[in-house]
S.K.: 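Attaching a single structure in C-alpha cells format; questions to follow.
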Amino acid sequence: MIEESKTFEENKNWNRALEKKTEKKLNSLKWDFNPYSEKEIFSMDTPPPYTSGRPWHLGAAAQYSKIDAIARSQRMLGKEVLFPMGMDRNGIPVERYAEKKYGIRMRDTPREQFIKLCKESLDELEKEMFEILRSFAYSADFDNVYRTDSDEYRTLTQSTFIEMWKAGKIIRGTRPSNYCIDCGTTIADAEIEYKEMETNLVYFYFKIKESDEKILIASTRPELLGACSAIIVNPEDERFKNFINKTAITPIYNKEVKIIAHSYAKADFGSGAVMICSYGDYNDVMIIKELKLAEKIIIDTNGKMNENSGEKLKGLKVKDARKEIIEMLKENGTVEKIEKIQHRTPICDRSKTPIEIIPLDEYYLKVTDIKDKLENLANELKMIPEQHKQILINWLKVSTDWPISRRRYYGTEIPLWYCNKCNEPFIPEEGHYYRPWKENPPKGAVCTKCNGTEFSGDDRTFDTWMDSSVSALYVTKYLSDKDFYEKTYPLSLRPQGIDIIRTWLNYSILRCYLLTEKIPWKLAWIDGMGLDEHGEKMSKSKGNGIDPTLIIEKYGADAFRFWAASEALPGSNFLFSESRLQGTAKFLTKLWNIARLVNQFGIPENIDEKQINESDKWIIAYTERLTEDCRKGYETLNPFIPANKIREFVWNIFAPHYIELVKARAYGEKFSESERKSAVYTLNYVLRRVLLLLAPITPFITQTLWNELYKGESVHYQMMPEPNKYDDRLLILGNEIMEFNSNIWNAKKDKKASLKEEIKVEIPEKLNSVEKDLRSMHNIIS
RNA sequence: GGGCCUAUGGUCUAGCGGUUAUGACGUCUGCCUUACACGCAGAAGGCCGGGAGUUCGAAUCUCCCUGGGCCCACCA
C-alpha cells in the first residue's frame, strides 16, 4: 500500500521504467485454451513471424500489437480464445543469414553441417524475437510455441503433401525456371536482382519466304537464333503490316518461323520486330505459352550450347557463342548494325552472373483445374476490409500451377524416393517425418512399377509456403487430435498483412481446401503496411527501416501500441511519425495523472442512486455511450475505434469539463459529505470503466493502474463491461455544460483574468441542476 | 506496361447522401488554477486534388484527368 502510493508520488508521468515494473506480472498472466469450454470459441490463425532477428520491422510489430489487441478484447468479450504462437523458420532467409554469419556457401558445405548452423542461427534469432514480442506484452501462447521446422510440423507438411499426391493433385512438370549456371541450381524469383549492363543490340535480317523482302529484327541474344520460334511485331506498326502472318526464314539455320502480331512488340524499340526464342527472358516464356509455340532448348545446365545450336556453336559457353554467331551473321551479310545499349539484366544475387531460363523438372501443385472453385471460395470468404479481396481475386485470375520443389537445404524435405531401376517415384505413408536425402525409404519399400527394392532419395525441399500454408491445420491439431480439430476448425480468424495475400492467404486457402474442402477461417483480417514518414515502404534494403525496440524503449510499449491502434483503420497503410507517437505517450501520462488525482480521494463503497448529483449522472451517461462505441469497435475487430473514442473522451470531455467541474466537490470544499461521495464515486466509476475499455490496447498502464486503485484480479481477467441504460437528455445537459464552460473561459480570457478569478454571471435556467458545481468551478459570484 | 488502392487545414487522420467538416501533432496568444508545463485556456489555419455528371442537395455516388502508394511484369 505504502509502496504503491509512492509510485504515484514519485512519477508525474507514465514511462518505460514503470512498464518494466509490471512487465513480468503482465507476461505471466495465463489464458489456457479449453476447446470444451462453454464459452464461444474464438480461434486465431496468427502469423508465425519469420525468425529473422533484429532489427524487426516496425510495421510488423505494429501489426502484431493490433492482433494482440484483438485477442485481448475477444477474451474480455467472454470468448475462449486460441491465440497460438508460431515461428516460421524454414527457407532461404535463414540460409542466407547463416552463410553471411559463418562466411560459408550452402553448396560448398556438407548438408548436415549447414543445417546445424542454420538451426543454431535460428535459435539465437528466435530468442530475440520472443524478447521483442514480450516487450510489448504480446499475449499469445508462449508455453506451446510451434516451429515450422520441428519434426512435428514437418510431418504435417509432408503428410499433407502425401495426401495430395495420392489424390492426384501433384504433378511433375518441366517448365522454364530461373537457373543460375554458376550456382548450379534453380533459384527463386526473390533471389534475382537486376543490373544495368552494357550489351550489344544486334540488328540483322530474316528473309521472307513469300516474297523478296527482308525483315529486320534486333536482339541482344543472337546466340538463341537456333531456338527462334516466331517473330512478333506490333499490330499497329505500319512498317510491318504487310509482313503479318507471313513466314520468315532464319539466317544460318534456315528455319521457317511465323511473323505474328503481338502488342508486346514496341514499335519504338530496336527495329520494332522481336524474335521469340526459348528462352531469352520471361516474355519469351509468356509468348511461347500464349501462342503455343514449340519449345527448343539450346542451352544446357552447364551453361553451354547444346546440339540444337549447330556444329559451330555446340559446346561453347553462352558468352562465347554470342561472339561467334555475330561473326557468322556478319560473314553471312545479314547484319545491318550493332548498337551498344545499357540492358537491365537479371542476375543471380549471389554469384552476380546472368541467369538463364531453362526448363527443369519440378513438382507442381495443380491450381489451374480448380481455379473457378478457388474464385468462388475467395468470394465466399469474409474479409475486413472487404476491398482487399480484390487483390486475391485478381491474383487467382493470373495464377498458374504452383511450383513447390526447391533445390535447397534448410526446408521440409520432399518425401519421395526414386527406384534405381526404373526411376518410378516411391511415396511413403503419412504420419512420419522423412529425410530422403540421408535416409532409406521405410522398410519393405517396393517399387510399384518394377518391384525394385533399391531407391535414391529426392534431395530437394519444399517452397516454404508449403509449410506455412498449413498453419491453420497445425494449430487446430488436424493430424494429432480429432476432437480438438473438430472444435476449432475452421478457425474464427486469420489476421495478416496485405503484403502476403497472394502467398500466405492464397496458398492457405488452396492447401486447406484441397485437404478439408473448407475455407480454413470464417474471417480474414487484413492489415495495411507500415510506411516511413515519407510514405515509403520500410525495408532493410532501402535502409529506411526503424527498429521497434528503440521506439519502445524510448516511449514505452503502450505508447507504441496505442499509436498503432489509433493511427489508421485496419487495412490502411500507416505512416510512422515519431511526433505523433510522442502525442500518444502524452495521452497515457494524462490518464496516469487523472488516476493520481482520483486515487487521492479513496474508493467509496457503492452509493444510493438517489444520492448521485446531476453532473455526475451526465458523465456516467457519457461513459455508457462510450462503452457502446468501444464494444462495437472491439466486436468488429477494429481497435482504431476504441482507441480514438477513448482518447477523445478522456482528453476533451472527462478531464477538462467533468473533472474541473467536480474537483472542489471531491475535495469536499463547501459541499456536503453526500455530495462529495457522489463525486468520488463517479470519478472512480468513469476511470474504472476507461481502464477496462482500454485494457486490450494498452495492457501495461491499465494493469498498473488497476492494481494501484482497484486491486484484486488483473484488469486483463475482467469482462468488458456492458453499457447500462442512460437518458439522452443527460448528454444534452452535458453539451450545455461544456458550452457554458467555454463561454466563461472566453469571457475571462477577454478580460485577461486568471481562470480562478471571480466572475459575475447569470447561470442559465437549464443549468440549474448543476449550478453549485458551476459556481465552484468558475468562482461565480451572484 | 498491367492491376488494385488512395487524395480532407503545414503534417497525419475521422466522416461514406443533408452537421457551423472530426480529432491529433505543429504554429501563435495568455496562464506554474493544490492530478498533469509530457499541462490548462484561447486563436489562426480547409473553395474536402482538378474537371464533368447523377441528385432538390455531394467531401461523401458515377466518369475522366492529375498526383501518391502497393503488387505484378519489365524493354527484345
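The sequence lines fix the lettering, A, B, ..., with proteins before strands; numbering per chain opens at 1.
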S.K.: What I want to check is whether the side chains of Asn593(A) and Arg596(A) have a donor and an acceptor closer together than 3.5 Å.
M.R.: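 Judged by distance alone, the side chains do pair up.
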S.K.: Please work out if Glu567(A) contacts a base, only the sugar-phosphate, or nothing of the nucleic acid, heavy-atom cut-off 4.0 Å.
M.R.: sugar-phosphate
S.K.: With heavy atoms under 4.0 Å as the rule, sort Asn283(A) into base, sugar-phosphate or nothing.
M.R.: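 Asn283(A): backbone/sugar contact only, no base atoms under 4.0 Å.
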S.K.: Could you go over nucleotides 30-34 of chain B and give all protein N or O partners under 3.5 Å, atom names and distances?
M.R.:
none

S.K.: In whole Å, what is the span from the CD1 atom of Ile287(A) to the P atom of C75(B)?
M.R.: 12 Å
S.K.: Do Glu553(A) and Lys20(A) meet the salt-bridge criterion of a basic N to acidic O distance under 4.0 Å?
M.R.: yes
S.K.: Taking A14(B) as the reference, what is the distance to C25(B) when you measure between their C1' atoms (whole Å, please)?
M.R.: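 My reading of the C1' atoms in C25(B) and A14(B) gives 15 Å.
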S.K.: Taking CG from Asp281(A) and P from G1(B), how many angstroms apart are they, rounded to a whole number?
M.R.: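 Taking CG of Asp281(A) and P of G1(B), I get 18 Å after rounding.
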S.K.: Out of Val761(A), Asn741(A), Leu661(A), which one pairs with His778(A) under the side-chain contact (heavy atoms from CB on, under 4.5 Å) rule?
M.R.: Asn741(A)
S.K.: Tyr279(A) and side chain to side chain donor-acceptor pair (under 3.5 Å): which single residue from Glu295(A), Glu356(A), Lys296(A) fits?
M.R.: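 It is Glu295(A); the other options fail the test.
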S.K.: Considering every strand and a 4.0 Å limit on heavy-atom distances, what is the contact class for Ala568(A): base, sugar-phosphate, or nothing?
M.R.: nothing
S.K.: Between His778(A) (NE2) and C40(B) (P), how many Å, whole number?
M.R.: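 In whole Å, C40(B) P lies 16 Å from His778(A) NE2.
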S.K.: Quick one: which protein N/O atoms are closer than 3.5 Å to N/O atoms of nucleotides 2-9 of chain B? Pair and distance per line, please.
M.R.:
{"residue": "G3(B)", "atom": "O2'", "partner": "Asn394(A)", "partner atom": "ND2", "Å": "3.0"}

S.K.: Say you pick atom C1' in U13(B) and the same atom in G23(B); how far apart are they, in whole Å?
M.R.: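 One C1' to the other, the span is 7 Å.
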S.K.: Considering only the C1' atoms, how many Å lie between G39(B) and C32(B), rounded to the nearest integer?
M.R.: 9 Å
S.K.: Given atom CG of Asn178(A) and atom C1' of A73(B), what is their separation to the nearest angstrom?
M.R.: 13 Å
S.K.: Expressed in whole Å, how much space separates the P atoms belonging to G57(B) and G18(B)?
M.R.: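 Pairwise P distance, G57(B) against G18(B), rounds to 14 Å.
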S.K.: Please state whether the rings of Phe574(A) and Trp563(A) are parallel, tilted or perpendicular, taking 30° and 60° as the class boundaries.
M.R.: perpendicular
S.K.: In whole Å, measure the gap between the C1' atoms of A58(B) and A52(B) for me.
M.R.: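 Looking at atom C1' only, A58(B) and A52(B) are 14 Å apart.
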S.K.: Once hydrogens and angles are ignored, does a donor-acceptor distance under 3.5 Å link the base of C36(B) to the side chain of Lys590(A)?
M.R.: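 In this structure, the two groups form a donor-acceptor pair.
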S.K.: Quick check: does any side chain N or O of Ser742(A) sit under 3.5 Å from a backbone N or O of Glu739(A), one acting as donor and the other as acceptor?
M.R.: no
S.K.: Report yes or no: do Asn394(A) and Gln390(A) form a side-chain donor-acceptor pair below 3.5 Å?
M.R.: yes
S.K.: Using a strict 4.0 Å threshold on nitrogen-to-oxygen distance, state whether Arg221(A) and Asp284(A) make a salt bridge.
M.R.: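 Judged by the 4.0 Å cut-off on N to carboxylate O distance, Arg221(A) and Asp284(A) do not form a salt bridge.
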S.K.: Between U62(B) and G26(B), how far apart are the P atoms? Round to whole Å, please.
M.R.: 37 Å
S.K.: Report the residue (Thr345(A) or Ala595(A)) whose heavy-atom-nearest nucleotide on RNA chain B is the more 5′ of the two.
M.R.: Ala595(A)
S.K.: Base, sugar-phosphate alone, or nothing: which one does Leu569(A) contact when heavy atoms must sit under 4.0 Å apart?
M.R.: sugar-phosphate
S.K.: Salt bridge check: are Arg625(A) and Glu628(A) linked by an N-O gap of less than 4.0 Å?
M.R.: no
S.K.: When all nucleic acid strands are considered with a 4.0 Å heavy-atom cut-off, which category describes Thr220(A): base, sugar-phosphate, or nothing?
M.R.: sugar-phosphate
S.K.: Could you give the CZ-to-P distance, from Phe587(A) to U13(B), as a whole number of Å?
M.R.: 20 Å
S.K.: Taking only residues two or more places apart in sequence or in another chain, which ones pass side chain to side chain contact (heavy atoms under 4.5 Å, CB included) with Ala218(A)?
M.R.: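 Testing Ala218(A) for side chain to side chain contact (heavy atoms under 4.5 Å, CB included), a comparison that skips the adjacent residues, returns Leu201(A), Tyr203(A), Ser271(A).
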S.K.: How is Gly497(A) classified with respect to the nucleic acid when contacts are heavy atoms under 4.0 Å: base, sugar-phosphate, or nothing?
M.R.: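 The answer is nothing, as Gly497(A) stays clear of every strand by at least 4.0 Å.
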S.K.: Once you measure the plane-to-plane angle for Phe587(A) and Phe562(A), does it fall in the parallel (<30°), tilted (30-60°) or perpendicular (>60°) bin?
M.R.: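 Geometry flag for Phe562(A) against Phe587(A): tilted rings.
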S.K.: Could you check whether Phe574(A) gets within reach of a base, just the sugar-phosphate, or nothing at all, counting any heavy atom under 4.0 Å?
M.R.: nothing
S.K.: Counting side-chain heavy atoms from C-beta on, which of A41(B), G69(B), U13(B) comes nearest to Asn573(A)?
M.R.: G69(B)
S.K.: Which residues satisfy the side chain to side chain donor-acceptor pair (under 3.5 Å) test with Arg239(A), sequence neighbours excluded?
M.R.: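 With sequence neighbours excluded, Arg239(A) shows a side chain to side chain donor-acceptor pair (under 3.5 Å) to Asp237(A), given in chain and number order.
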S.K.: Using a heavy-atom cut-off of 4.0 Å across all strands, would you classify Pro656(A) as base, sugar-phosphate, or nothing?
M.R.: sugar-phosphate
S.K.: Can you tell me, in whole Å, how much space there is between the C1' of G15(B) and that of A24(B)?
M.R.: 16 Å
S.K.: For nucleotides 17-24 of chain B, give me one character per nucleotide, 5' to 3': B if any protein heavy atom sits under 4.0 Å from the base, S if the only such contacts are to the sugar-phosphate, - if neither.
M.R.: -----SSS
S.K.: From the set A41(B), C36(B), G69(B), return the single nucleotide nearest to any side-chain atom of Lys12(A).
M.R.: C36(B)
S.K.: Distance check: side-chain N/O of Ser742(A) vs OP1/OP2 of G42(B), anything under 4.0 Å?
M.R.: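 Yes, within the criterion.
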S.K.: Using the closest heavy atom to pick a nucleotide of RNA chain B for each, name whichever of Pro346(A) or Ala655(A) lands nearer the 5' end.
M.R.: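 Closer to the 5' end of RNA chain B: Ala655(A).
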S.K.: Looking at side-chain heavy atoms only, is the closest gap between Pro354(A) and Thr345(A) below 4.5 Å?
M.R.: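 Yes, close enough: below the 4.5 Å cut-off.
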S.K.: Out of G42(B), U13(B), G26(B), which has the shortest distance to the side chain of Asn746(A)?
M.R.: G42(B)
S.K.: When rounded to the nearest Å, what value does the distance between C1' atoms of C56(B) and C61(B) take?
M.R.: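 Each nucleotide's C1' atom is 16 Å from the other's.
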S.K.: Are any of the side-chain nitrogens in Glu648(A) or Lys645(A) under 4.0 Å away from the carboxylate oxygens of its partner?
M.R.: no
S.K.: Just by modelled atom types, is the Asn11(A) backbone N or O under 3.5 Å from a matching donor or acceptor in the Trp592(A) side chain?
M.R.: yes
S.K.: In the structure I gave you, are the side-chain heavy atoms of Trp706(A) and Leu687(A) within less than 4.5 Å of one another anywhere?
M.R.: no
S.K.: Of all the base pairs, Watson-Crick or G-U under 3.5 Å, which form stems of three or more consecutive pairs involving RNA chain B?
M.R.: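 Stems for RNA chain B, defined as runs of 3 or more consecutive pairs: B:1-7 with B:66-72, B:10-12 with B:23-25, B:27-31 with B:39-43, B:49-53 with B:61-65.
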